[in-house]
2 protein chains.
Amino acid sequence: MKYSKQRELILQALKDNPVHPTADYLYSCLKDANPELSLATVYRNLNLLADNGIINRVSGLDGSAHFDHNTHKHYHFICSKCNKVYDVPYDIAPDLEARTTAATGLKTESADVVLHGICPDCQKLYN
Amino acid sequence: MKYSKQRELILQALKDNPVHPTADYLYSCLKDANPELSLATVYRNLNLLADNGIINRVSGLDGSAHFDHNTHKHYHFICSKCNKVYDVPYDIAPDLEARTTAATGLKTESADVVLHGICPDCQKLYN
DNA sequence: CTAAAATCAATAATGATTATCATTATTGTT
DNA sequence: AACAATAATGATAATCATTATTGATTTTAG
């Protein structure tokens, strides 16, 4: 993996961004200040970084893939109104892999948990 | 919701099918015996049945929506090799909604859990 | 039986993502 | 510093799952 300033830019933007952005959203944030950047490059680099374990790809939320610079084990909450993503600590449901294997015999390697609801910001708006 | 023989057919096929099929897979199973059936009809009816709570739409597995005639609370395991889906009992991680709210304050309405691994059939094949 | 409403099949359109391709940038080496 | 080898880029076309549209047909209420 060679250096590229685009990759540097994308990684930094992800680290500065707490909302678990999609490729498209990240592109829309960056393109004004970086008109030479292309959407394909954003997709390419997010996938490359995720494949190398430097960031986390979070699928199964809402049809689009989201990206997360937090590579520790944790779960996600997505707001059904605004689609913002929040982190949820691992210990609300620890050891799901082992528990699944114990209950079903299915050899389990990883577990994704997605909680759905309405975030505090949207609660206020829709009152 | 009026009666239609296509809907009857699709619902019955889903009940007979333990693998949590996608719309596309269900269509490929039915089209030979029912050449008049169209893929759009399968999509339309699966969504309609799911919206009315008669069946369950399972998203977040692998990019395609899967459908499940089991409407009880439970979780899913998907095989990373063959993409077959298995049911996992609810009690491996009960009360995730309440636990999330307790841990984070996020008002949570539903919880999806997806386990990943290799199913027994594929374990045999890849030994 | 007739008309309004729901349904249908076929196909065009959409949205997210990936592949292609000619060009450019990075790297380790003469 | 020039040199190939390779990886990365921008622009755009292609793909895949799904949804919308359209005009014809079927079902049910009156």
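Below, all heavy atoms of this structure are taken into account, side chains as well, without hydrogens, waters or symmetry copies. Every chain is numbered from 1, with letters handed out A, B, ... down the list of sequences. In this text the structure is predicted, and so the values were computed from the model without any measurement.
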Query raised in the report: Nearest heavy-atom pair of Thr108(A) and Thr100(A): which atoms, and what distance?
Result: OG1-CG2, 3.4 Å

Query raised in the report: Taking atom C1' of dT19(D) as reference, at what distance in whole Å does atom OH of Tyr27(B) sit?
Result: 16 Å

**Report entry** Residues Lys81(A), Glu109(B): salt bridge by 4.0 Å N-O rule
**Finding:** no

Query raised in the report: How many Å lie between CG on Leu30(A) and C1' on dT9(D), as a whole number?
Result: 15 Å

Report task. Grab the CG-C1' distance between Asn34(B) and dC8(C) for me, whole Å please. Result -> 14 Å

Report task. Using a strict cut-off of less than 4.0 Å between a Lys/Arg side-chain nitrogen and an Asp/Glu carboxylate oxygen, indicate whether Arg57(B) and Asp68(B) qualify as a salt bridge. Result -> no

Requested in this report: Return no unless some side-chain N or O of Asn47(B) is found under 4.0 Å from OP1 or OP2 of dT19(D).
Outcome: yes

Query raised in the report: Are side-chain heavy atoms of Thr41(A) and Arg44(A) found at a separation under 4.5 Å?
Result: yes

**Report entry** Glu8(A)/Lys2(A) salt bridge by N-O under 4.0 Å criterion
**Finding:** no

Query raised in the report: dA17(D) C1' sits how many Å from Leu46(B) CG, rounded?
Result: 14 Å

Report task. With the side chain of Arg7(A) defined as its heavy atoms from C-beta on, choose the nearest nucleotide among dG10(D), dA8(D), dC8(C). Result -> dA8(D)

Query raised in the report: Can you check whether Tyr43(A) has a side-chain N or O nearer than 4.0 Å to OP1 or OP2 of dT18(C)?
Result: no

**Report entry** Closest to the Leu48(A) side chain, choosing from dC8(C), dA8(D), dT11(C)
**Finding:** dA8(D)

Report summary line: Glu36(A) atom CD is separated from dA11(D) atom P, nearest whole Å, by 9 Å

Query raised in the report: Are Asn70(A) and Asn56(A) close enough that some pair of their side-chain heavy atoms sits under 4.5 Å apart?
Result: no

Query raised in the report: Is any side-chain N or O of Asn45(B) closer than 4.0 Å to OP1 or OP2 of dC8(C)?
Result: yes

Query raised in the report: Quick one: Leu9(A) CG to dG10(D) P, roughly how many Å, whole number?
Result: 10 Å

**Report entry** 5' precedence on DNA chain C between Pro35(B) and Arg44(A) (nearest-nucleotide basis)
**Finding:** Pro35(B)

Query raised in the report: Atom NE2 of His66(A) and atom P of dA16(C): how far apart are they, to the nearest Å?
Result: 10 Å

Report summary line: Taking dT17(C), dA20(D), dT7(C) as options, the one with an atom nearest any side-chain atom of Ala65(A) is dT17(C)

Query - Mutual orientation of the aromatic rings belonging to Tyr75(B) and Tyr90(B) [parallel < 30°, tilted 30-60°, perpendicular > 60°] - result: tilted

Which pairs, protein N/O on one side and nucleotides 25-30 of chain D N/O on the other, fall under 3.5 Å?
{"from": "dT27(D)", "atom 1": "O2", "to": "Lys2(B)", "atom 2": "NZ", "distance (Å)": "3.4"}

Report task. Could you check how far CD of Gln6(A) sits from P of dA25(C), rounded to whole Å? Result -> 10 Å

